[in-house]
Amino acid sequence: MSGAWTGADRSRIAGAGAAIDSVQNDRVNITATAAEAQRIERLGYRVTRVRTEGFPAADAGYHDYAEMMADLDKTARAHPTIMRKLSLGKSYEGRDMPLIKISDNVAKDEDEPEILYDAHQHAREHLTVEMALYLVHLYTDNYGKDARITRIVNSREIWIVPDMNPDGGEYDIKGGTYHNWRKNRQPLGAGYYGLDLNRNWGYKFGCCFGSSNQVSSEIYRGPEAFWAPETQRLRDFVLSRRIGGKQQIRAAIDFHTYSELVLWPYGYTNATTAPGLNADQQRTFAALGKMFARSNGYTAEQSSSLYITDGSVIDWLWATQGVWAFTFEMYPASPEAGGFYPPASTIAPQTARNKEASLLLAEYADCAYRVIGKQPAYC
Ligand code: 0X9
Ligand code: CA
Ligand code: CA
Ligand code: ZN
């Protein structure tokens, strides 16, 4: 933009919210949102080309962090009796990590099975944030209109964590281009950043060659379990749902991309049963997983059949909290179909594709063993 000769001019531009990148005579190079650029034009400066923040223009249908927060705030305001926007706390760089609760009598902690959906442990897996926003809208916009959804909202307490890695997500779209970033943004020294949040959980942490101790690695687990503020935040929330010795959260989906898979524990071992996972529990996981996969057309398998992962969230949720926890790897199936960056036109069909599985998880949360006919024995 140009027409800014003085420091006072530049201060007005900064006052409009733009970041000033450099100054040449009357020309100021800025990074600004579309709204900020408009404000600067209204101040009487000439804006030539703006390096827009947020997603690349072709993918504007995706929500960046600010847009996600705005959508959550707006939806919570529109549905005050069934939805609350709370906070898990802050990410490493200080971004608020929103926590959504959806239920009837939402202000009260009722004795209802609780469900958790979390998304975006991995920065470049942006479709998962859209999945979380889809679920927020599914449960709120259809409440009182759709009998099945109304029943679920009335009989369950639904927790949604739409953004486990806001720092990595914003870094991945910085400057309007993609950076293929996976990890969080904790500085590690020597110019290295980030650890893999889905290797930083505290069950069998680093046990089994399913993660790396090298800071340069894409699957760097960190020096110790829960070293990332982001995993600490979700861990502390989940532990806070243990009331009178009983974990209230019964079932969970951790959303990732891509490969079109439904995965269940354990990830750290190829054994189908292991300490804390007996044959009935394994059968229950497999039966639920296959049911989900029938509904969305994904492939269902134990998570280690993909490759060994140690320190993943679902192993921790199951082994330490008894939560029936699944990882969903969303669209697409292949790198040719867009890999981590499928076009925004896929958001609507590919989030709706997981509607049935998401509802089934909520419905089975009262007694997962029902899926193998063993509710009399266990529930
Ligand atoms: O490696 C991962 O963390 C997940 N795949 S991704 O391409 N989204 O990075 C798979 C995790 C599956 N394994 C377990 N949850 N144990
Ligand atoms: Ca309720
Ligand atoms: Ca409760
Ligand atoms: Zn992932």
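Atoms within each ligand, like the ligands themselves, are counted from 1 in listed order. Model, not experiment: these values are computed from the prediction.
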* **For the Zn ion (ligand 4): the N/O/S atom of His122 at shortest distance** => ND1
* Asked: Do you know which N/O/S atom name in His256 is closest to the Zn ion (ligand 4)?
  -> ND1
* Ser103 near the Ca ion (ligand 2) via N/O/S, less than 3.0 Å -> yes
* To do: Would you please indicate if the ring centroids of Trp324 and Tyr364 are separated by under 6.0 Å?
  => no
* Looking only at side chains, do His120 and Glu125 share a donor and an acceptor under 3.5 Å apart? -> no
* Parallel, tilted or perpendicular, as decided by the 30° and 60° cut-offs, for the rings of Tyr268 and Tyr266 -> tilted
* To do: For residues Tyr193 and Trp181, establish whether the separation of their ring centroids is below 6.0 Å.
  => no
* Within Asp109, is some N, O or S atom less than 3.0 Å away from the Ca ion (ligand 3)? -> yes
* Structure fact -> At the Ca ion (ligand 3), OE2 of Glu114 and OE1 of Glu157 open up to roughly (10° bins) 80°
* **Side-chain donor-acceptor pair present, His126, Asp64, cut-off under 3.5 Å** => no
* Glu329 backbone or side-chain N/O/S under 2.8 Å from the Zn ion (ligand 4) -> no
* Where the Ca ion (ligand 2) is the vertex, angle from Asp104 OD1 to Glu112 OE1 to 10° -> 110°
* Asked: N/O/S of Glu110 less than 3.0 Å from the Ca ion (ligand 2)?
  -> yes
* Please find out if less than 6.0 Å separates the ring center of Phe226 from that of Trp201. => yes
